[in-house]
Amino acid sequence: MPDKFLKPYDPVATEPRVYAEWAKSGLFSPDECVKQGVAKPDAPTFSMVLPPPNVTGRLHMGHALMLAVEDVFTRYKRMRGFRTLWLPGTDHAAIATQSVVEKQIKKDEDKSRHDIGREELLKRIETFASASRDTIIGQLKAMGASLDWSREAFTLDESRSRAVRTIFKKMSDDGLIYRGLRIVNWDPKGQTTISDDEIVYEERPAKLYTFRYAKDFPIPVATTRPETKVGDVAVAVHPDDARYQEYVGNEYDAVFCDVPIHVKIVADKEVDPAFGTGAVGVTPAHSMTDWDIADRHLLTQDRSVINEYAKMTVPGRLEGKKTAEARELVVAWLTSEGLLEKTEDIRQNIATAERTGGVIEPLPKLQWFIDVNKKIPGRDRSLKELMLEPVRSGEIRILPEYFDKTYFHWIEHLRDWCISRQIWYGHRIPVWYKGEEAVVGEKPDGEGWVQDEDTLDTWFSSGLWTFSTLGWPDETIDLGTYHPTDLLETGYDILFFWVARMILMTEYALGVVPFKTVYLHGLVRDAQGRKMSKSLGNNMDPLDVAAKFGADAARMALVVGNTPGTDMRMSEEKIKGYKHFANKLWNIARFVLSNTEEADPSAALIEGRDRDHIVKLDALAKEVSDDLDNFRGHLAAEKLYHYAWHELADVILEESKPILAGADHKAKASRQALLLTILDRTLRMLHPFMPFVTEEIWQSLPTKDAPHLMVARWPVVE
RNA sequence: GCGCUCUUAGCUCAGUUGGUUAGAGCGUUCGCCUCACACGCGAAAGGUCAAAGGUUCGAAUCCUUUAGAGCGCACCA
């Protein structure tokens with residue numbers, strides 16, 4: 001028995017060393033597995049892409065969960081002889097990354113991005129992103145992730161950029177991408193548009209004002225934003241509302257707080273007769289629904305009264321004022337004119353930008369969109385239908401299954417996807433202008449071409465991730481071999497952001513699904529069930545956890561009993577429990593090795609009642625394999641834990657003591673072979689969950705039949 | 001408003017398609033440094049599976065209703 005077993009297991013000293021040995025072997029790569037004979041050249045494949053972490057800093061426990069689950073399946077498939085690819089990478093995360101760097105610059109130098117300029121800002125972001133990437137890669141390795149580093153990708157590298165340009169051009173040629181004036185979610189703080197999904201609603205107290213535009217105006221109107229009323233072009237009432245029917249069609253002129261307005265009364269079914277006065281002042285330029293109402297009634301839509309800095313643009317006393325200030329001025333004016341009828345306190349949901357916290361100001365802007373309803377030429381289907389079909393048919397299976405309802409619900413309400421952003425970090429829109437001319441795709445030859453200023457929504461490039469990472473648009477061997485991928489494992493919180501976009505992009509570009517199964521994990525919360533966040537200071541850093549308890553312990557704590565789709569609570573206590581388990585394995589090995597030093601490990605020696613233990617273990621192996629085949633790692637882990645501790649240690653080891661000390665040599669030999677066999681198989685099955693400690697022990701076993709446990713054969717009887 | 005999920009031992013959660021006395025971890029109580037392990041061993045207490053009704057030979061598991069909690073989407077004039 002090696003001396004190392006005389007001391008308790010030390011994960012901190014062991015884990016980095018073991019990882020380095022794996023990395024050196026090259027066996028994270030399926031090509032190398034084939035070359036070294038641990039996978040057959042024609043073996044079935046199992047492939048997965050790593051959801052690329054944002055290069056905004058460092059990983060949190062949610063990432064650790066993702067890594068643990070994905071590595072479990074990866075290692076399992078690899079041990080079962082699949083040509084297994086788990087492909088790593090990072091995401092440039094446009095807005096998120098830029099806003100982190102911008103904040104830092106603001107703090108350190110009190111400068112805005114406009115003070116610094118596009119080129120310089122990009123340089124700084126790239127430096128930051130590259131440092132983040134290094135940190136993140138270190139964390140991925142510390143968690144034991146068996147990722148194929150030879151294929152590492154980045155959403156903004158040249159190969160991925162080419163994929164982005166290619167698909168943009170294809171979509172544009174198919175008429176699916178268009179540029180149009182629409183109401184967008186403008187974030188005045190971040191100075192960019194954001195998508196509907198990047199909005200967070202915050203409930204705040206607000207005041208609801210009931211007023212008339214003028215003394216002779218027949219209908220009182222309720223609003224929480226009096227300052228926008230200078231942009232009104234109509235008043236909408238419900239078609240069935242008896243109170244106002246006689247006025248529908250009438251038009252009125254008024255001067256509202258120094259601003260001349262022209263208001264028409266229209267009937268629209270969108271109006272809720274029970275809210276306020278049942279009459280809506282229609283402000284097309286600054287409200288999504290009002291824009292649509294104006295659209296239906298052919299009213300002016302471009303009556304803009306607020307600019308990108310959330311300041312008023314109308315002449316008179318409001319000019320140049322911030323909206324909040326303007327609101328007070330309008331209320332004061334209404335009061336002095338005797339037009340204000342009522343002020344009520346209400347609770348209101350305010351749209352804010354997820355990244356910057358800025359209050360969203362809906363503005364009409366010229367933006368790039370993807371049309372999700374238009375039929376794709378030659379396919380007789382819209383992008384929306386492409387997203388719907390594979391999930392509906394079961395070609396893509398979402399786990400837990402109930403999430404497909406959420407998915408359908410979201411798609412049904414999906415509107416055209418605004419893909420342009422007014423930030424600098426990201427894929428620049430591949431459209432080139434010269435005078436009246438515009439060219440989509442690669443930069444045309446000749447002088448004087450200017451590229452579109454905007455960048456693409458970061459999800460545009462991450463939507464390509466399963467195939468851009470495999471070399472698309474080139475017809476690479478990787479693409480043919482590993483795509484569609486088998487499993488996509490990610491958090492349910494990005495089902496729409498990312499999973500749906502991947503299905504859209506892949507179905508569109510390749511006409512196939514990006515993955516066959518979607519495994520959605522839940523959120524990792526703190527011991528009290530709160531979300532982990534910087535402001536609460538309850539974050540756990542996976543590196544700290546690994547340093548304290550070992551990555552194996554952290555992985556087990558994250559995996560055992562953690563059903564997909566369900567949030568979990570994490571605590572140091574829990575992780576500590578699995579550190580103890582790693583030590584338990586260590587001591588089991590110590591016992592077995594010290595009692596079998598001169599023994600023959602051949603399983604053929606096992607006889608009599610000892611065979612029953614093998615039968616039991618075979619049954620467990622079958623169950624665990626079945627669980628893993630069906631992505632029930634949480635059950636498999638629990639069963640193995642229970643077996644190792646309460647069967648192997650508590651029962652088998654205990655009953656072995658008298659046999660090993662006894663005089664019956666045949667029984668002793670059988671028992672010794674049994675112990676070695678069971679320990680060997682248990683370690684194999686635990687390896688996907690606790691790769692480090694199992695590898696470290698297995699290296700000292702006489703049953704060792706491969707260079708690494710990582711590529712040893714999975715012990716299941718077929 | 002539309003939709004989804006959850007409610008199982010003191011706490012945190014499992015329980016795969018309905019099938020024998022409902023499980024685990026932590027915690028608690030009692031006894032143990034027994035030559036693998038005190039990061040441990042042995043034993044014990046603890047649950048009308050939210051409530052009511054239904055389907056069934058049989059329900060924590062399926063259906064209906066109710067109550068409470070959480071989440072998503074929409075609205076938010």
Side-chain angles (χ1 to χ4, degrees), chain A residues 1 5-6 8-9 11 196-197 199 201 203-204 206 208-210 221-226 228-229 232 235-237 268 270-272 275-283 286-290 293 346-351 400-414 492-493 495-496 522-523 525 527-529 549-550 553 556-557 560-563 565-571 573-574 576-595 623 626-627 630-632 634-639 641-642 645-646 649-650 653-654 656-657 661 675:
Chain A
M1 183 181 71
F5 288 106
L6 296 174
Y9 177 59
D196 295 345
D197 310 287
I199 290 176
Y201 289 95
E203 201 183 78
R204 293 184 188 174
L208 183 67
Y209 303 95
T210 304
V221 168
T223 184
T224 55
R225 300 201 58 189
T228 64
K229 298 295 101 182
D232 282 11
V235 166
V237 299
D268 195 285
E270 278 299 297
V271 180
D272 175 5
F275 188 92
T277 62
V280 185
V282 179
T283 324
H286 301 291
S287 152
M288 220 62 95
T289 42
D290 291 9
I293 291 174
I346 59 163
R347 306 285 305 175
Q348 190 189 20
N349 279 332
I350 299 281
E401 276 166 14
Y402 56 76
F403 266 103
D404 50 14
K405 287 181 190 151
T406 315
Y407 180 80
F408 295 140
H409 193 256
W410 178 78
I411 291 189
E412 276 155 31
H413 293 93
L414 185 64
Y492 65 74
D493 51 330
L495 178 62
F496 309 135
L523 262 47
R525 299 172 174 276
Q528 281 89 53
F549 306 106
M556 275 299 267
V560 173
N562 183 13
T563 28
T566 308
D567 293 356
M568 75 175 321
R569 299 185 188 206
M570 186 46 62
S571 63
E573 278 305 298
K574 199 169 187 174
K576 200 164 119 193
Y578 292 103
K579 179 181 193 291
H580 295 176
F581 180 56
N583 196 53
K584 187 76 184 180
L585 291 174
W586 193 249
N587 282 298
I588 291 171
R590 177 176 169 181
F591 177 88
V592 172
L593 290 174
S594 65
N595 280 292
E623 243 182 275
D626 191 49
D627 284 336
N630 291 287
F631 306 117
R632 295 189 298 255
H634 60 292
L635 292 183
E638 197 173 0
K639 287 171 186 170
Y641 174 90
H642 196 256
W645 201 309
H646 300 298
D650 291 353
L653 254 52
E654 288 307 323
S656 298
K657 288 175 184 173
L675 288 175

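Per chain, numbering begins at 1; letters A, B, ... match sequence-line order.
On a pure distance criterion of 3.5 Å, a polar donor-acceptor pair joins the side chain of E654(A) and the base of A36(B). Judged by atom type and distance alone, R632(A) reaches the base of U16(B) through a side-chain donor-acceptor pair under 3.5 Å. Judged by atom type and distance alone, K584(A) does not reach the base of C39(B) through any side-chain donor-acceptor pair under 3.5 Å.
Atom CE of M568(A) and atom C1' of U12(B) are 9 Å apart (whole Å). The nearest whole Å value for the distance from the CH2 atom in W410(A) to the P atom in G72(B) is 15 Å. Rounded to an integer number of Å, the gap from NE2 of H409(A) to C1' of C71(B) is 13 Å. As a whole-Å value, the separation of W586(A) CH2 from G40(B) P is 17 Å. As a whole-Å value, the separation of N562(A) CG from A14(B) P is 8 Å.
One finds no side-chain N or O of H642(A) lying less than 4.0 angstrom from the OP1 or OP2 phosphate oxygen of G15(B). Side-chain nitrogen and oxygen atoms of K657(A) include at least one within less than 4.0 Å of the OP1 or OP2 phosphate oxygen of A36(B).
Ranking A36(B), A14(B), C73(B) by closeness to the E638(A) side chain, first place goes to A14(B). With U16(B), C41(B), A74(B) as the candidates, the nucleotide lying closest to the side chain of Y201(A) is A74(B). Set against A14(B), C39(B), C41(B), the side chain of L635(A) has A14(B) as its closest nucleotide. Nearest to the side chain of T289(A), among C76(B), G15(B), A36(B), sits C76(B). The side chain of H634(A) lies closest to G15(B), out of G15(B), C73(B), A36(B). Here the side chain of H580(A) is nearest to one of G40(B), C37(B), A36(B), namely G40(B). Side-chain proximity of T563(A) to the nucleotides A24(B), A14(B), G72(B) is greatest for A14(B). Closest approach to the T566(A) side chain among A14(B), G40(B), C75(B) is made by A14(B) (side chain taken as heavy atoms from C-beta onward). Picking from C41(B), C37(B), C39(B) the nucleotide with the shortest atom distance to the side chain of W645(A) gives C41(B). Among G72(B), A14(B), U12(B), the nucleotide with an atom closest to any side-chain atom of T406(A) is G72(B).
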Intra- and inter-strand pairs of RNA chain B in dot-bracket (Watson-Crick or G-U wobble, both distances under 3.5 Å; | for another strand)
(((((((..((((.....[...)))).(((((.......))))).....(((((..]....))))))))))))....

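Residue whose closest nucleotide on RNA chain B sits further toward the 5' end, between N583(A) and A236(A): N583(A).
Within a 6.0 Å sphere centred on NZ of K639(A), heavy atoms belonging to other residues, nucleotides or ligands number more than 12.
Between Y641(A) and F581(A), the angle of the ring planes lies from 30° to 60°, which puts this pair in the tilted group.
Rounded to whole Å, the P atom of U55(B) lies 34 Å from the corresponding atom of C11(B).
Across all strands, D627(A) comes closer than 4.0 Å to base atoms (heavy-atom distances).
For N583(A) (side chain) and K579(A) (main-chain N/O), no donor-acceptor pair under 3.5 Å exists by modelled atom type.
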